[in-house]
Protein chains: 2
Amino acid sequence: MTMAEHPNIKAVADMAGVSTATVSRALSRPEKVREDTRRRVLEAVAAIGFVPNDQARAFRRRASHTVILLVRDISNPFYLDIYKGVEEAAFAAGYKVLMGDARDDDRRIRHYIDAVRERHADGLILMIGRLPDSLRNDRLPPLVVALEAIAGLDLPTVRVDNAAAAFEAVTHLLQLGHRRIVHITGPLGEHLGTARLEGYRRALEQAGIAYDPDLVVEGDFSLSAGRALTLGLLDRGRRFTALFAASDQMALGAIGALKSHGIQVPRDVSVVGFDDTLVAGMLDPPLTTIHQPRREIGQAAMALMIRQLKKSRSAPVPQHCFPTRLVIRSSTAPCHDP
Amino acid sequence: MTMAEHPNIKAVADMAGVSTATVSRALSRPEKVREDTRRRVLEAVAAIGFVPNDQARAFRRRASHTVILLVRDISNPFYLDIYKGVEEAAFAAGYKVLMGDARDDDRRIRHYIDAVRERHADGLILMIGRLPDSLRNDRLPPLVVALEAIAGLDLPTVRVDNAAAAFEAVTHLLQLGHRRIVHITGPLGEHLGTARLEGYRRALEQAGIAYDPDLVVEGDFSLSAGRALTLGLLDRGRRFTALFAASDQMALGAIGALKSHGIQVPRDVSVVGFDDTLVAGMLDPPLTTIHQPRREIGQAAMALMIRQLKKSRSAPVPQHCFPTRLVIRSSTAPCHDP
DNA sequence: CTGTTAGCGCATTCAA
DNA sequence: TTGAATGCGCTAACAG
């Protein structure tokens, strides 16, 4: 007698001398089955080497137990720890995680949203700052937003206080005596960009320093933007003794640009980043930056997702806020400039 | 008349005045359906807002069109470009990619292998160096190995010539006049570790330099290992003018250890890494290292996977070999030591 | 080229 | 507590 390639619930039922319904119950809702029946079923399962076909189960239950984590740009190591947190929470709850790369491309974003309609996934954790207009009118699938905010949409969110974090970063520079502080922002069409800019302004205001638009340039979080914008400032002859970048990547680009002009960090210019990515501590000099508890944020986002999926869209929209922390390393120093 | 929450193929069939089979064909194998019938079906699809339930489709076809990419440690940015390549090839072919974190933990590895038995995925792309013994006897799911090798298993593989790459790296150091060259290896129980060590030995041999076991220490690719092992060598008073680490992470750790002893790179000691990760070029000094075409490797691995899934386990085991390239930056310099 | 029919494997009624 | 029967949505024979 040869064993079936993929024994099914029927084979188990036959061997255990019960019905398929009982096998199904014994496996999915053990409490609804008598002790010794359950034992017999489990023995048959083991004997036959039965593995439930989760594809069929998902089909029947209309739930895939899969969640998509959609990020801006997958090649940013920033997301790795987030993913790790999401994956851990998912793994523990029997969920799988699919990672999606939005690349600021409407077609790709749409594709991942559609994946829920096609039942590949039950919901999405968004780490992007906007949705294509073409989607705004559709009925959206279960969503959780992590570290971002999508204008006009009130969604369950895991966030940090970006303005407060930026305020702390800039205040650190002010306390070191800096007065002419450049800010390379994120995209100003999105919350991440405006909130950090807001913190920058508030810090200056509190210190009684006028806001100088010449010292503020709009970036997009990328290394190349950080480099190009800093070079632009230097070319235009802007004078400054400190620079606050809205991401470590841009801080990195800025440092490269400064070095290429023979400007030393932190001797001539202090630099603060945002994110505390892995590289931040390895740079020369190690970067002062804002740390976010990425792993915990990922876990919380997944927890929110699971909750939403279980409660079938309950009323209150949960907002989970995590603290940030300024990590002071060696890229910032007292201002020597009068 | 209200629209169904999730219109199915039957609704489309009714509206288009055809059978469900025709709708199915019109969508999955358009060439098997007459032009105008197809048009009518597509109109109905659009009118109704029908989205195929891929869960049901996968269930019926017994294929999930999902592949798992199982890596050693997800927090290593090295894998991001690989993932990107895999995802691109998958996206283009209508496949999804699930990323799994092995963490050198048998339970986790087993879990991801089981995911195929449970029909979550059709196969796995492995970037790990071993499988738990408990699995060796089982019938394994479709596998592709990328950049690694699993002892005793002859699997479709995308690889680079690690020995040749290491040979090139060490030869570079030899040409700079170095004679006492440390090698921090990968795990010597696995191919990645032994192959690179082999290249190191061959390079020394060709230069007529005796192999000195005191200069070779076994690491595990991690930053902390690089640091600790280098400190160990220094503590033991080993003298060397160059160091070849089997990963950038370990090179990073080594540089940190050297700096902490006041040893400058590359003035006092030249350092070569392996992988050309993002940080390599940003370090101070920028790291000389071995570059691997990660994105292409990811694409090739996915292509091999798809081929395997389509051809239902054909006979010849494809081996795809990619070239590596020594990227010379500033962490290596001529030897000043006699 | 198209329709009819029959399941895929499982979870869930409804009775017993 | 258990079994018989039903159908999720779709695709794949098989006829016509």
Side-chain angles (χ1 to χ4, degrees), chain A residues 3-42 44-45 48-65 94 114-122, chain B residues 3-42 44-45 48-65 94 114-120 122 312:
Chain A
M3 258 168 52
E5 177 75 338
H6 287 290
N8 58 19
I9 210 173
K10 176 74 163 47
V12 177
D14 289 350
M15 163 156 277
V18 296
S19 73
T20 59
T22 300
V23 176
S24 174
R25 279 189 285 253
L27 296 175
S28 303
R29 304 160 117 69
E31 75 282 4
K32 311 217 78 177
V33 134
R34 213 175 45 211
E35 168 67 26
D36 66 315
T37 322
R38 181 166 69 231
R39 202 178 34 68
R40 283 200 349 263
V41 169
L42 293 180
V45 165
I48 271 183
F50 168 74
V51 177
N53 181 331
D54 234 48
Q55 195 81 58
R57 190 178 261 183
F59 167 52
R60 179 62 235 253
R61 287 183 171 155
R62 308 156 157 317
S64 59
H65 285 207
D114 280 345
V116 176
R117 293 208 166 72
E118 293 160 6
R119 309 301 193 108
H120 287 128
D122 300 339
Chain B
M3 259 165 52
E5 178 74 338
H6 288 289
N8 59 19
I9 209 174
K10 177 74 164 43
V12 177
D14 290 349
M15 163 155 278
V18 296
S19 74
T20 60
T22 299
V23 176
S24 173
R25 277 189 289 253
L27 296 174
S28 302
R29 307 159 117 69
E31 75 283 3
K32 312 214 80 177
V33 135
R34 212 174 49 211
E35 169 66 26
D36 68 315
T37 322
R38 181 166 68 231
R39 202 176 35 68
R40 286 206 340 270
V41 170
L42 294 181
V45 164
I48 271 182
F50 168 73
V51 176
N53 181 333
D54 233 49
Q55 196 81 57
R57 190 178 261 182
F59 167 51
R60 181 60 235 247
R61 287 181 171 159
R62 308 157 159 287
S64 59
H65 284 208
D114 281 345
V116 176
R117 293 207 167 72
E118 293 160 5
R119 310 299 193 110
H120 287 127
D122 300 339
S312 60

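Proteins come first, then strands; the chains are lettered A, B, ... in the order of their sequence lines, and each starts at number 1.
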Measure across B:Phe50 and B:Asn8 and return the closest heavy-atom pair with its distance rounded to 0.1 Å. CE1-C, 3.5 Å

Check the pair B:Arg62, A:Gln55 against side-chain contact (heavy atoms from CB on, under 4.5 Å), reporting the backbone distance first and the verdict last. CA-CA 8 Å; B:Arg62 308 157 159 287; A:Gln55 195 81 58; over 6 Å; no

Contact class for A:Val18 vs. all strands (heavy atom < 4.0 Å): base, sugar-phosphate, or nothing? sugar-phosphate

Is the phosphate of D:dT11 approached by B:Arg61 (side-chain N or O, under 4.0 Å from OP1 or OP2)? yes

Rounded to the nearest angstrom, tell me the gap between atom CZ in A:Arg40 and atom P in D:dT1. 15 Å

Spacing between B:Ile9 atom CD1 and D:dA12 atom P, to the nearest angstrom: 11 Å

Using a 4.0 Å heavy-atom cut-off, does A:Val33 contact any base of the nucleic acid, only the sugar-phosphate backbone, or nothing at all? sugar-phosphate

N or O in side chain of A:Thr37 less than 4.0 angstrom from D:dT2 OP1/OP2: yes

Go through D:dG9, D:dT1, D:dG3 for me and flag the one nearest to the A:Arg34 side chain. D:dT1

Ignoring backbone atoms, establish whether B:Ser28 has a side-chain N or O less than 4.0 Å from OP1 or OP2 of D:dT11. yes

Between the CD1 atom in A:Ile48 and the NE2 atom in A:His6, the distance rounded to the nearest 0.5 Å is 14.0 Å

By nearest atom, which of the nucleotides D:dA4, D:dA13, D:dG9 is closest to the A:Ala21 side chain? D:dA4

note: B:Arg60, atom CZ; D:dG7, atom C1'; distance rounded to Å ~ 15 Å

Residue closer to the 5' end of DNA chain C, B:Arg38 versus A:Ala56 (nearest nucleotide): B:Arg38

Non-hydrogen atoms of A:Gly49 and A:Pro7 that approach each other most closely: O-CG, 3.8 Å

Rounded distance in Å - CZ (B:Arg29) to P (D:dT11): 10 Å

Which part of the nucleic acid, if any, lies within contact of B:Ser24, taking any heavy atom under 4.0 Å across all strands shown: a base, the sugar-phosphate backbone alone, or nothing? base

Earlier contact from the 5' end, DNA chain D, for A:Gly17 and A:Phe59: A:Gly17

Do NZ/NE/NH1/NH2 and the carboxylate oxygens of B:Arg117 and B:Asp114 come within less than 4.0 Å? yes

Select one nucleotide: of D:dG7, D:dG3, D:dT11, the one nearest the side-chain heavy atoms of A:Arg25. D:dG3

Under 4.0 angstrom, heavy atoms only, what part of the nucleic acid is B:Lys32 near: base, sugar-phosphate, or nothing? base

Residue pairs passing the side-chain hydrogen bond (donor to acceptor under 3.5 Å, both in side chains) test where at least one lies in residues 23-32 of chain B, sequence neighbours excluded: B:Ser28-B:Arg61

All heavy atoms of B:Ala56 vs all of A:Phe59, minimum pair found to be CB-CE1, 3.3 Å

Students should find this one: the first and last nucleotides of DNA chain C, 5' to 3', lying under 4.0 Å from a heavy atom of chain B. What are they? C:dC1 to C:dG9

What pairs with A:Asp54 under salt bridge (Lys or Arg N to Asp or Glu O under 4.0 Å), at least two apart in sequence or on another chain? A:Arg57

For B:Arg38, what residues pass the side chain to side chain donor-acceptor pair (under 3.5 Å) criterion, not counting sequence neighbours? B:Glu35

Find the bend of the helix from C:dC1-D:dG16 to C:dA16-D:dT1 as the angle between its two terminal axes (five pairs each), to the nearest 10°. 30°

Tell me which donor-acceptor pairs under 3.5 Å the side chains of residues 9-21 of chain A have, and how far apart each pair is, sequence neighbours excluded?
residue: A:Lys10; atom: NZ; partner: A:Asp14; partner atom: OD2; Å: 3.2
residue: A:Ser19; atom: OG; partner: A:Ala21; partner atom: N; Å: 3.4
residue: A:Ser19; atom: OG; partner: A:Thr22; partner atom: N; Å: 3.3
residue: A:Ser19; atom: OG; partner: A:Thr22; partner atom: OG1; Å: 3.3

